[in-house]
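See below for the structure under consideration.
Quick note: numbers below take in every heavy atom, side chains included, and nothing from hydrogens, waters or symmetry partners. Each chain gets a letter, A, B and so on, in the order its sequence line appears, and its residues count up from 1.
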Amino acid sequence: MSVLIDSLLAILIVYLALQCLLAPRLTQTVFLFFAFGLALALAWVRLGAVDVAITEAAIASGFLGVLFLDALRDFSFITSGKQESSDAANHSVSKKKPAFLSLPGVVLVLGLGLFLLITLEAVWKVPESGGLTAATEALLPESGVENPVTAVLLNFRAYDTWLEMGVILLGLLAVMAVGGIKIFPVHRKTPEDPVLQQVILFFTPILFLFGAFLLYFGKNGPGGAFQAAVLWGAIGILLHLGGRPVLTVIPRWLSQLLLIMGIGFFLMLGFLLLAGGASLFEYPPSYAGVLILIIETLAAISIAVTLVSVFVHLNQLNKEESN
Amino acid sequence: MTGLPTSPLPALLVGFPILLAILTLFFRPGVKALVGLAGCLLTALLAFIAFVEVTQRGTVIHTPGGWDPPLGILLRMDALAAVFIGMTALVGGFISLYAWRYLRAQDPATGGYPLFWPLWLFLWAGLNGLFLSNDLFNLFVTIEVISICAVALAVLSGKAGALKAGLRYLLAAITGSMAYLFGVALLYGSTGTLDLDHLGQVLEPGTTTTFALLVVTLGLLIKMAGFPFHFWLPPAHSNALAPVSALLSALVVKGAFYILLRLWMEVFGVGITYAAGQLIGLAGAIAVIWGSWQAFMQTSLKLLVAHSSVAQLGYLLMIFPLLILPPGVTADSADWLSVTWTGGVYQVISHAIAKASFFLSAGIVIMAVGHDRIESLRDLVGNMRITSMAIGLAGVSLIGLPPSGGFVGKWMLLKGILLSGQWWWAPVVVAGSLLTAGYVFMLLRLAFAPAREKEPFRPVPKTLEVVALLLAVSSFLIVFPADYLIQFLENSEIFGSGIEAVLKGGFYGND
């Protein structure tokens, strides 16, 4: 039975990926991408990696999907002047014969197929090693948390996670580099939409509570800073769309502090430990649990603010270009 | 764990630049540049302290979190890491000085591209982290940091050409990262470890190992713009701001080469065959000829310099076939190994310095005449003596004429080639040098030629010219400590065992 489910899921993922690539319209591509992300999340659940599944659904499908939809709307806005149909989201990607039917296309497809076969052969032959699971289990009591994933991310390999927090911040800096140097764009008032206002009123507390739940229970089960951050970030994006731009009304230094709080506190803690003669991020065992919770909370806030900033910035950038 | 002395320096080399990068975010654009410059100079100072520490005490390690590998991550600063970190500090320090003056002059309205400083400091931390890391997955994270910074810096000017080239760069960089990560997943899946030392001990030959080695190498080749994956480099490097072009060409591409060198020498012993070495050497040889020829054919100054990078990176790939023993040769008789790999490292350093100087000089010329056609070099000597001299000296080092650093690197490579008996690489080195001489002398001929019409040279800040010249002079000064540096590298215990790993695996690895 489970083999049947897994096979169907595998076929579905490949099918959705292909459809995503071959869809004639960008709108279809984006919605297929949503579906593809969710199918992939299901696959992670089947593989027993619930943490990855939540992150996949939240970031890859949710947040990226929102960015794509936003880009699509602005894209249609830009091209609307040039095309007959004002709904340029229906803009056709390729009107001529698909590229993969030409001779170089056939060679490429065959080459890719061969590569895929070798890949499958290599993956098939991976011997069972168990990885570092045993080592993680053995040292789990010393880590201060009970979820092995959290233990690896925030304690055993905290250095990797700290650098990854830098990567997320760099994502925002890169977006700002593309669009000039404004730290936060000036907000323009959008007309009030009563339905949207109701949605915001209804979802804000739920998203906040659910995020806090994921954050706190990440100590013991699936969940943690990244997953919580996406939910909290969703609040910020909703508020922004509803004409309540939280990030642009608070003072600039405060929004910047919120952005760097996670990585900054983590680093300062590391330096303090270094000064005390320990290694970077070598928490005293009795405080490990508390410290991890503080780091995760601050990191979740920072990541949420970063995600909202990316959205706000791109949103503004596209509007300026289309004007 | 390994009995090596622990030191906080490796942690500081990564943490300190990131702390400064975060700090710069809080300042107004004008102040940001000052804080950023101060941060860069302090980071360079820290790197020199660390370099001296390693020369005195030998290899030092640090385990973040206090967990031993393979569960935890090991940062190790051995001779090779120290040399690369020192090189980054030397070249990066000069480029920072140049950038401070250059960016202000380019864009006075907004205080001169303020985002340059946090991005460059993050990039520096990423490079230091990469050189120190002894963990396959941590290496991936540092590659990510470096790639995002590099792409963001490449598009900083906001011009359409830069954005287009930047997007292509981003796609190539992501493809490279994904290929590398896929290989890492396969290796972790089959061995259960990510620590390089541990992996080198437990890795067994087989389909999975060979395939993992293949995708990891492919990914890194894309990252270091090895032929035929060099397509993204010329547009990305030539469209960036001058100090950014220098950073990308001198330092960023060397990161991927560093990982490739470490993995091939320390880890992949069992999977590497003689044929694989010949293949990667062939890619390097084609890059040398093709890149030099392309450089020779360019009509725009920065594109010429960028294509020259493709060629110079080719030399680095040509050391790999020499590190693998042909059939029937034993480890004891292979006396060319150390001259080859230390020569390769020396080539990395001299190229970094010379190419940085070249790109900075090109930036000065473009600033003075307002466009980057090669014709603009006409009568450069009459107008900008310092910059003419910088271009001349950097060019001589790129050709590999004595007594430049480039000469030492290429000479050692040639020596390795002839000693190993793989003579077929020698004509490539010579032809590459001749082609390089071709485009460098073409530039110099124009620089001495009288001006056709009165094209005005606008005045350029003297600081810029002096920094470019200092770098060019450094590419000659590094000849003096050459003996010392090479001995320092040869005596490092890590590489002693590293070479053995390849020898043991060597040709017979897959049998």
Side-chain angles (χ1 to χ4, degrees), chain A residues 118-119 121-136 138-139 142 152 155-164 166-167 169-171 173-183 252-253 256-257 259-260 263-264 267-268 270-271 273-275 277-283, chain B residues 6 8 11-12 14-15 18-19 21-22 25-26 29 62-67 70-73 75 110-111 113-115 118-119 122 125-126 129 135 137-138 141-142 144-145 148-149 151-153 155-156 158 163 166 182 186 188-194 204 206-208 210-212 214-215:
Chain A
I118 303 173
T119 309
E121 155 92 359
V123 174
W124 200 257
K125 284 201 172 161
V126 171
E128 285 292 323
S129 72
L132 293 169
T133 317
T136 309
L139 289 170
E142 293 175 45
V152 169
N155 199 339
F156 302 146
R157 289 184 159 255
Y159 175 64
D160 272 343
T161 308
W162 170 71
L163 276 176
E164 285 287 4
V167 170
L169 183 61
L170 281 173
L173 291 183
V175 167
M176 297 196 316
V178 173
I181 34 81
K182 287 165 289 149
I183 300 291
R252 231 183 66 174
W253 64 267
Q256 277 157 346
L257 186 70
L259 273 179
I260 62 107
I263 186 173
L267 181 60
M268 290 321 292
F271 277 174
L273 293 166
L274 266 185
S279 286
L280 193 73
F281 309 134
E282 186 178 0
Y283 324 122
Chain B
T6 308
L12 287 174
V14 184
I18 288 188
L19 178 69
I22 295 171
L25 290 177
F26 284 92
H62 190 90
T63 46
W67 306 99
L71 184 59
I73 298 160
L75 302 180
T110 59
Y113 303 102
L115 272 176
L119 286 170
F122 253 112
D135 182 280
F137 184 75
N138 182 245
V141 180
T142 62
E144 262 191 298
V145 171
I148 297 182
C149 290
V151 173
L153 284 168
V155 300
L156 203 54
L163 286 172
F182 184 42
L186 286 175
Y188 175 68
S190 54
T191 62
T193 186
L194 291 163
E204 279 169 17
T207 321
T208 309
T210 309
F211 185 74
L214 178 78
V215 282

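- The contact between Val215(B) and chain A is made entirely by side chain atoms (from C-beta outward), counting heavy-atom distances below 4.5 Å.
- With a 4.5 Å cut-off on non-hydrogen atoms, Leu19(B) touches chain A through its backbone and its side chain both.
- Heavy-atom pairs under 4.5 Å with chain A were tallied for Ala152(B), Gly65(B), Gly166(B); the largest tally goes to Gly65(B).
- For Leu274(A), the side chain to side chain contact (heavy atoms under 4.5 Å, CB included) test picks out Phe271(A), Leu280(A), Pro8(B), Ala11(B), Leu12(B), His62(B), with sequence neighbours left out.
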What do the steps show when you test Phe281(A) against Trp67(B) for side chain to side chain contact (heavy atoms under 4.5 Å, CB included), and what is the final call?
CA-CA 10 Å; Phe281(A) 309 134; Trp67(B) 306 99; over 6 Å; no
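- When each of Leu169(A), Ile118(A), Asn155(A), Leu173(A) is scored by its heavy-atom pairs under 4.5 Å with chain B, the top score falls to Asn155(A).
- Proximity to chain A (any heavy atom under 4.5 Å) is restricted, for Leu75(B), to the side chain, taken from C-beta onward.
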As a quick check of understanding, evaluate side chain to side chain contact (heavy atoms under 4.5 Å, CB included) for Tyr188(B) and Thr193(B), giving each step before the final call.
CA-CA 5 Å; Tyr188(B) 175 68; Thr193(B) 186; 5.8 Å; no
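- Looking at Leu267(A), the atoms closer than 4.5 Å to chain B (heavy atoms on both sides) all sit in the side chain, from C-beta outward.
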Run the side chain to side chain contact (heavy atoms under 4.5 Å, CB included) test on Glu282(A) and Thr63(B) for me, step by step, so that the C-alpha distance in whole Å, both residues' side-chain angles and the decisive distance to 0.1 Å come before the verdict.
CA-CA 9 Å; Glu282(A) 186 178 0; Thr63(B) 46; over 6 Å; no
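- To the nearest 0.5 Å, atoms OH (Tyr159(A)) and CD1 (Ile73(B)) are separated by 7.5 Å.
- Among the candidates Val152(A), Ile260(A), Leu273(A), the residue making the largest number of heavy-atom pairs closer than 4.5 Å to chain B is Ile260(A).
- By number of non-hydrogen pairs under 4.5 angstrom with chain B, the leading residue of Thr133(A), Leu132(A), Val123(A), Leu257(A) is Leu132(A).
- Ranked by heavy-atom pairs under 4.5 Å with chain A, the first of Leu71(B), Thr208(B), Thr6(B) is Leu71(B).
- If you tally non-hydrogen atom pairs under 4.5 Å between each of Asp160(A), Ile263(A), Leu163(A) and chain B, the highest count goes to Asp160(A).
- With chain A as partner, the option from Leu163(B), Val155(B), Asp135(B) having the largest number of non-hydrogen pairs under 4.5 angstrom is Asp135(B).
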For the pair Leu119(B) and Ile148(B), evaluate side chain to side chain contact (heavy atoms under 4.5 Å, CB included) and give the outcome as yes or no after the intermediate values.
CA-CA 9 Å; Leu119(B) 286 170; Ile148(B) 297 182; over 6 Å; no
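- Annotation: the span from Glu121(A) atom CD to Thr207(B) atom OG1 amounts to 5.0 Å, rounded to 0.5 Å.
- Of all the heavy atoms in Trp162(A) and Gly15(B), the pair that sits closest is CH2-CA, 3.8 Å.
- Heavy atoms of Phe26(B) lying under 4.5 Å from chain A belong to its backbone as well as its side chain.
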